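Below is one structure, written out as structure tokens, with a few remarks after it.
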Amino acid sequence: MRASAVTSRSTDAARFLVVGLTGRNLVALVSLDGRGRETGRRSVARDVLADVLGGAGSGETTAPRIVWGDTARWYRDILARGRRVERCHDLRLCHAILAAAAHRPGGVPFAPAAAWSVASHVPLEGAPDALFEIDDAPGSVPQGIDDALAEFARQLDALSMPGAGGLRRLVAAESAGALIGAEMTAAGLPWDAVAHDGILRTVLGPRPPAGGVPSMQAALGARVRELLGDPAVSLDSQPKLLRALHRAGVPVQSTGRWELREHRHPAIEPLIEYKKLARLASANGWAWLDEWVHDGRFRPAYVPGGVVTGRWASSGGGALQIPRSLRPAVRADEGWLLVCADVAQLEPRVLAAMAGDRAMADAARGADLYAGIVERGAVTTRDEAKVAMLGAMYGATSGESGRLVPRLRRVFPHAMALVDAAAATGERGGVVTTWWGRTSPPPSHEWRALQSHAHSADADPAEEAIARRAARDRGRFTRNFVVQGTAAEWALVWLADLRARLRLLTAAPGTPSASASGPAFAHVPHLVFWLHDEVIVHTPEALAEPVAGAVREAAASAGRLLFGDFPIDFPLDLRVSRTAGKG
DNA sequence: AGTTCGTTACTC
DNA sequence: CCGTGAGTAACGAACT
């Protein structure tokens, strides 16, 4: 707040601070009270926005909630300048939630605006200025202050409806997630390139010249070709490999590992091993390391709300599919530690709480829900319990899983009734919602047309069968949506609550700096990874214990916030260590 | 030469 | 009587 403040009225009582452009380099900050009425307005130059938003008072709970079009676009530059924002309202993400919720019968009154129904696209690299060069380009969110004010007013209207309490919590959690996603990209996942290289050398052999095949992969490949009696065949071409297998007397229909395993041929075991090495080299080999790890950090782009169920997606480096064998390459800086935690069996626990199923909650008491299911006599082994539970939530109808589901239905009738009802709604073409009101997408026009034709007089049996299958597919989707989506809500709250707790922890003077984490995080514990039901915090050694406590407290707090005093546990598997690998 | 599709494999 | 959900990404093949 320097000479750049053009006009100024009081913003002290502001509940919200709406941010939007009024010119290429001028940002308007409009203060609103709790009912959305304007109480002040000023303009600042873009290059001081970080200091204004992340300046004095931002760490207090009375600080206004920042309202902006797209967190991913506004926040990166602020973080790069070493500033953070306490809480926000992301208009783009909240638009998506409200637009979907408007589809449900008796849902919120909200007419989606096309301009806001877009994905975020932020250039991964490049000058900060590039962020705003594409203002109002097709496919990006409006950045102007008037657009933001108008959209926020519409959202406040919808959210003020009686019964929208869940949605109000959901949009707050979603917005917190947007901040966290941007912060994790800025801080980066501490990645030890030397450890990664060591793993690759152990498995693949020394690094080959660019484009070359690693020696151990090449040797395996030669052996497979010899055993197949086809010294020139390409193992990397699916059709060619399939033909070679047929010639060698292996009657498979695919080259997938699961089908190969069912046949006996000397070439099969080394072939499966070859495919494993080829996969590692191609997906997470030296080329990946060169492209994605810089200065000891892996910085994927997270896409909060990128999956319809509310789970996050990611882009760049395949952040959500890092093979477990590379976990040991995730390594804290000198003088720092990693606190890694994951929730055991999150989804079935969430289902028990949603359904108010006391029997299932009893089975979930303790660390292993599957053991609890066995104790209650639904099935006889832990493996059966697991397969049956997954089948119940995913909609298995066949195989061992499908066979076991009915036994679960007898012991946990309330939980099963909830997922069965969700499936039935989906098959009928309806929409379903999560605990806080995230709403599934409606069926496509093609799906509706298929169903209505199949129910007309001139449908032939083949068409009816196709339509039935499509209906079942959709039923499985909605069945899973309510559980996966509510689990995502729980996890989002866990994460947001944890972030708030971490902000209360400060390192003692003299703590080594995690300088590669950037100016906003070099001296404080910070989130560096999150994947559905697990979290990793990078922390100065001296704060590891308080951080571990915060992780546990946040999980308990999330359970209470969603499900009140319903007696459901969310036990954590928590490790404090230098690396994220086992042990 | 560039784009799309199918297959495969990794994560939860 | 089939058919357990959600993703990202690499590769080759087939298309334009």
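Residue numbers begin at 1 in each chain, while the letters A, B, ... track the order of the sequences. These figures come from a predicted structure and were not determined experimentally.
- One can place CZ of Arg479(A) at 17 Å from P of dG3(C), the figure rounded to the nearest angstrom.
- Residue-level contact check: Arg469(A) touches the bases, meaning some heavy atom is under 4.0 Å from a base atom.
- With salt bridges taken as basic N to acidic carboxylate O contacts below 4.0 Å, one links Arg409(A) and Asp420(A).
- Just one residue in the list Leu271(A), Leu235(A), Leu220(A) forms a side chain to side chain contact (heavy atoms under 4.5 Å, CB included) with Arg225(A), and that residue is Leu235(A).
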- Task: Spell out protein contact along nucleotides 7-16 of chain C as letters: B when the base is contacted, S when just the sugar-phosphate is, - when no protein heavy atom is under 4.0 Å; keep the 5' to 3' order.
- Result: BBSSSSS---
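- Ile322(A) comes within 4.0 angstrom of the backbone, heavy atoms only, and of no base.
- Using a 4.0 Å heavy-atom criterion, one finds that Phe477(A) contacts the sugar-phosphate atoms exclusively.
- Here, dA9(B) and dC1(C) have their P atoms 30 Å apart, quoted to the whole Å.
- At whole-Å resolution of the value, OH in Tyr394(A) and C1' in dC2(C) are 21 Å apart.
- Although no hydrogens or angles enter the test, the distance criterion places a donor-acceptor pair under 3.5 Å between the side chain of Trp494(A) and the main chain of Val551(A).
- Atom P of nucleotide dT7(B) and atom NZ of Lys275(A) are separated by 13 Å, given to the nearest angstrom.
- For Leu346(A) and dA6(C), the CG to P distance is 18 Å, given to the nearest whole Å.
- Across all strands, Glu347(A) comes closer than 4.0 Å to no nucleic acid atom at all (heavy-atom distances).
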Throw together a table of side-chain donor-acceptor distances under 3.5 angstrom for residues 464-472 of chain A, partners on residues two or more places apart or in other chains.
none

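- Contact annotation: Arg476(A) does not reach the phosphate of dT4(C) (side-chain N/O to OP1 or OP2, under 4.0 Å).
- Rounded to an integer number of Å, the gap from Glu427(A) CD to dG3(C) C1' is 12 Å.
- Between Leu277(A) atom CG and dA9(B) atom P there is a gap of 13 Å when expressed in whole angstrom units.
- Atom CD of Glu534(A) is separated from atom C1' of dT11(B) by 9 Å (rounded to the nearest Å).
- Annotation: cation-pi pair Arg299(A)/Trp292(A) absent, no NZ/CZ under 6.0 Å from the ring centroid and within 45° of its normal.
- Side-chain contact, Asp497(A) with Ser557(A): a donor N or O sits under 3.5 Å from an acceptor N or O.
- We find that CD1 of Ile466(A) is positioned 13 Å from C1' of dC2(C), with the value rounded to whole Å.
- In terms of modelled atom types and a separation under 3.5 Å, the side chain of Asp357(A) and the main chain of Ala415(A) share a donor-acceptor contact.
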